[in-house]
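Working notes, structure below.
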Amino acid sequence: MTRVPSWQQLRDLKITEYEDAADGWRAISHRADAARLRVDQEMSIPVRGTQKGETPNAAVGRLNRLSDNYQYLHSECGLIFTTLNALAAELALPQRKLKQALEDARILGFTVESDGSVTYPQSVPLAPGTDKATSGALVPFLPGKGEGQGNPDKAKAEDIAERISTSVGEARDIDARYAGVLRKLKAPAGLAVTQEMLADAGRDLRAVRKAARSTIDEGRIPHGGTPAGNRKWWNGLTQEQRDEYAALYPAEIGALDGLPTVTRDSANRMVLAEAHAQAQMDLAELGPEPKKYEGAGPGRTISPEWTTWHEQRGRLEKRIKGMESIQARFAASGVPGKNGKSALPQAYLLGFDTQGIGHAVIANGNPDTADHTAVYVPGTTSNLEGIGGNINRAAYLWKEMNSQAPGQEISTITWLGYDAPQGLLDATQKHFAYDGAPELDSFLDGLQTAQGGADGSHTTVVGHSYGSTVVGATAKDFDLAADDVVMVGSPGVLVGSADDLDVGKEHVWSEAARSDPIPALGRDFLAGHQWGANTWNGIPYDAGYISSIPSDESFGAHRMDVDTGGHSDYWTEDSQSLKNQAAVAAGLYGRVKEDD
């Protein structure tokens, strides 16, 4: 550290040494992230895809640990280079102020003493000598103003002494603020990154943010901006600035629609790793289960301590389950599929947070370079805890699309970027769809932006259950950035006909199993009601917002053949239901088998 106790040390401080050190740590951070990608894509995937048994499994475990280590290095080294850059930038300002004060003293012929005081010629006639000015004068005179008939240099000297003292004081404050942060940016010896280390990385991030807030301003991130505006902002940054923002604000950068997939994935993986580690530690800190009951006999009651413990444990376990489902998808990359299906490609995390019910956006393959992209929007009861099932549906869709369109780049995406209704009564509320519509619109526009425009990829949106209602609300209020729409098990989509879904009637498709109760519920129970409150078993609900059902012939969609039953089996491998979705999403319309 600088340890700046004197003006001489501040004057002689070589700011470039800190900048050079920052560049070195930045290079290490870059190499660590590149190494993680190589381990994930070029090492782990081939091992998973070609070998089975105890030895390959052990090798994959070691590779996963190596990947975690590289990710941790990328994050921590990013914080170090960001801290050093911010330190150098902040110290440069008081150093410039000091050097200007010293130069002013030189021009005036004053002498700056070792303690920061300033000597200047005294005003006594015919008696040459000097007077001394120090900082902290009770009533300092303005530079150039004399004391009546006194010495006009007194005020100038006082001003210079004050500026010297202020510069050194600012430098000392900056030094003290960053010293503590840099001391914490270290890791214990060992080959494994522990949960404690990952959780500590989150605390490190917050400490660096606080220290560097004046140089790397979160306010410059275009929160709430358009995907095109986000991309323009990102492209306008230097690579060094991008690295700083990604290191200090990974959650914010990972959430920006329109940014490159690899950038968002790298940022969101940091957020996921730290959130998972913190949740695991919080769970451990709950300790053993407290005594459930207070008192004895018929009058006993459940203790408040047990209730609190039980609720907190349940919440944490659900959160952890969802995060581990995402990690399981990462680990599945390269694992061969059944029945000759191709192994899944690299997964990318395009969105993640644990707010409310939790949200996640996971892509199979990189959509930025895909020839065909399918975005799957899940419905009622979807949340972070249950994300695994929705990840699997998009994975099955990728395998079928890849089978039907070999040689083309395919990406399928599970998009849980909205607050889905968590029960049947909630699903009668239209606001979940309208609240989610701006988020889906932004995500689709962001895909298009990252892909280079509307012709960059053939894009299909697959809405399941209430997810189809979100798609309808998006088409109703925005311009849907998609080429095809597939409505699966839909209760209704807030528009009257297929013509209202932006993509053109010929590109609207529907699937509904005869044993699926949800379209029937939408048709017989919800449709036709007027706006306003209705009651069901005495409970108010909002009905009548669904004006037409996509699986009804009158809606005008292509009604595809379904050979699965119920509400959740449309993604059964090798089923006609899945093959039809894949044919549409791959643009192979001639392969679609329509309902008789």
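The analysis underlying the following values was restricted to heavy atoms, covering all of them including side chains, and did not include hydrogens, waters or symmetry mates. Residue indices begin at 1 and follow the sequence shown.
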Residue pair Leu501, Phe555: steps toward the side-chain contact (heavy atoms from CB on, under 4.5 Å) verdict: CA-CA 11 Å; Leu501 288 173; Phe555 188 79; 4.0 Å; yes
Evaluation steps, side-chain contact (heavy atoms from CB on, under 4.5 Å), between Leu480 and Asp441: CA-CA 7 Å; Leu480 198 66; Asp441 175 67; over 6 Å; no
CA sep, side-chain torsions, deciding dist, call: His74, Met270, side-chain contact (heavy atoms from CB on, under 4.5 Å): CA-CA 9 Å; His74 169 57; Met270 292 184 204; 3.0 Å; yes
Verdict with reasoning, Asn580 to Arg591, per side-chain hydrogen bond (donor to acceptor under 3.5 Å, both in side chains): CA-CA 7 Å; Asn580 280 337; Arg591 295 187 181 181; over 6 Å; no
CA sep, side-chain torsions, deciding dist, call: Leu578, Thr572, side-chain contact (heavy atoms from CB on, under 4.5 Å): CA-CA 7 Å; Leu578 180 60; Thr572 302; over 6 Å; no
Step-by-step side-chain hydrogen bond (donor to acceptor under 3.5 Å, both in side chains) determination, Tyr570 to Asp516: CA-CA 10 Å; Tyr570 296 96; Asp516 185 345; 2.6 Å; yes
Pair Glu594-Arg559, salt bridge (Lys or Arg N to Asp or Glu O under 4.0 Å): steps then yes or no: CA-CA 6 Å; Glu594 297 198 33; Arg559 296 193 296 170; over 6 Å; no
Verdict with reasoning, Glu511 to Gln581, per side-chain hydrogen bond (donor to acceptor under 3.5 Å, both in side chains): CA-CA 9 Å; Glu511 286 188 336; Gln581 289 182 47; 3.2 Å; yes
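Looking at residues two or more places apart in sequence or on another chain, you find no side chain to side chain donor-acceptor pair (under 3.5 Å) involving Glu218. Under the rule for a salt bridge (Lys or Arg N to Asp or Glu O under 4.0 Å), the partners of Arg313 that lie at least two apart in sequence or sit in another chain are Glu317. Under the ring pair (Phe, Tyr, Trp, His ring centres under 6.0 Å) criterion, Tyr589 pairs with His507, Trp509, sequence neighbours left out. Remark: Phe352 engages no residue in a ring pair (Phe, Tyr, Trp, His ring centres under 6.0 Å) (not counting sequence neighbours). With sequence neighbours excluded, the residues that form a salt bridge (Lys or Arg N to Asp or Glu O under 4.0 Å) with Asp33 are Arg36.
No more than 12 heavy-atom neighbours from other residues, nucleotides or ligands sit within 6.0 angstrom of NE2 on His310. Dense packing is recorded around CG of Asp477, with more than 12 heavy atoms of other residues, nucleotides or ligands lying under 6.0 Å away. Crowding of Asp455 atom CG: a count of heavy atoms from other residues, nucleotides or ligands under 6.0 Å not exceeding 12. Environment of CD in Gln239: crowded, with over 12 heavy atoms of neighbouring residues, nucleotides or ligands closer than 6.0 Å.
Between Trp415 and Phe443, the ring planes are tilted. Angles from 30° to 60° get that label.
Using modelled atom types, no side-chain atom of Ser442 and backbone atom of Glu439 make a donor-acceptor pair closer than 3.5 Å. Put simply, the side chain of Thr412 gets close to the backbone of Ala394: a donor and an acceptor are under 3.5 Å apart. At least one donor-acceptor pair closer than 3.5 Å links the side chain of Ser411 to the backbone N or O of Gly365. Side-chain atoms of Thr238 come within 3.5 Å of backbone atoms of Gln241 as a donor-acceptor pair (strictly under, hydrogens ignored). Remark: the backbone N or O of Met487 is not paired with any side-chain donor or acceptor of Ser490 at under 3.5 angstrom. At least one donor-acceptor pair under 3.5 Å links the side chain of Ser468 to the backbone N or O of Ser465. Between the side chain of Asp353 and the backbone N or O of Gln355 there is at least one donor-acceptor pair closer than 3.5 Å. With hydrogens and angles disregarded, a donor-acceptor distance shorter than 3.5 Å links the side chain of Asn268 to the backbone of Arg264. Side chain of Asp563 to main chain of Ser577: a donor-acceptor pair is present (N/O by atom type, distance under 3.5 Å, no hydrogens or angles). Looking only at distances, no side-chain donor or acceptor of Trp234 sits under 3.5 Å from a matching main-chain atom of Ile253.
For the pair Glu324/Lys321, no side-chain contact is recorded, criterion being any heavy-atom separation below 4.5 Å from C-beta on. When side chains are defined from C-beta on, Lys505 does not count as touching His558, because their heavy atoms never get closer than 4.5 Å. Residues Val361 and Leu349 fail the side-chain proximity criterion, which asks for heavy atoms closer than 4.5 Å. His567 is not listed as a side-chain neighbour of Leu521, based on a closest heavy-atom distance of 4.5 Å or more. The shortest side-chain heavy-atom distance between Leu416 and Val377 does not fall under the 4.5 Å cut-off. Between Val375 and Val462 the shortest side-chain heavy-atom distance does not fall below 4.5 Å. Using a 4.5 Å heavy-atom cutoff, the side chains of Val592 and Val584 are in contact. Put simply, the side chain of Thr469 reaches to within 4.5 Å of the side chain of Leu494, judged on heavy atoms.
The distance from the CZ atom of Phe330 to the CD1 atom of Ile362 is 7.5 Å, given to the nearest 0.5 Å. In this structure, the separation between CD on Gln312 and CG on Asp282 is 9.0 Å, given to the nearest 0.5 Å. From Leu283, atom CG reaches atom CG of Leu316 across 5.5 Å, with rounding to the nearest 0.5 Å. The CD1 atom of Ile387 lies 8.0 Å from the OG atom of Ser325; values are rounded to the nearest 0.5 Å. In this structure, Ile326 CD1 and Arg269 CZ are separated by 10.5 Å, a value rounded to the nearest 0.5 Å. Rounded to the nearest 0.5 angstrom, Leu588 CG and His372 NE2 are separated by 6.5 Å.
One finds no salt bridge joining Arg231 and Asp445 here, because no Lys/Arg side-chain nitrogen approaches an Asp/Glu carboxylate oxygen to under 4.0 Å.
Each of Gln422, Arg319, His359 was compared with Asn383 under the side-chain hydrogen bond (donor to acceptor under 3.5 Å, both in side chains) criterion, and only Gln422 meets it.
Checked by atom type, the side-chain pair Asn390/Thr414 shows no donor-acceptor distance below 3.5 Å. If you check the side chains of Asp484 and His458, you find a donor sitting under 3.5 Å from an acceptor. Side chains of Gln404 and Glu400: a donor on one and an acceptor on the other come within 3.5 Å. In summary, the side chains of Asn364 and Arg329 do present a donor paired with an acceptor at a separation below 3.5 Å, with no hydrogens or angles considered. Side-chain N/O atoms of Thr373 and Ser457 include a donor and acceptor closer than 3.5 Å.
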Contacts under 3.5 angstrom, residues 245-252 side chains, donor-acceptor by atom type, not counting sequence neighbours:
{"from": "Tyr245", "atom 1": "OH", "to": "Asp217", "atom 2": "O", "distance (Å)": "3.2"}
{"from": "Tyr249", "atom 1": "OH", "to": "Ile216", "atom 2": "O", "distance (Å)": "3.3"}
{"from": "Glu252", "atom 1": "OE1", "to": "Arg209", "atom 2": "NH2", "distance (Å)": "3.1"}

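Here the closest non-hydrogen pair linking Ala513 and Gly566 is CB-O, 3.7 Å.
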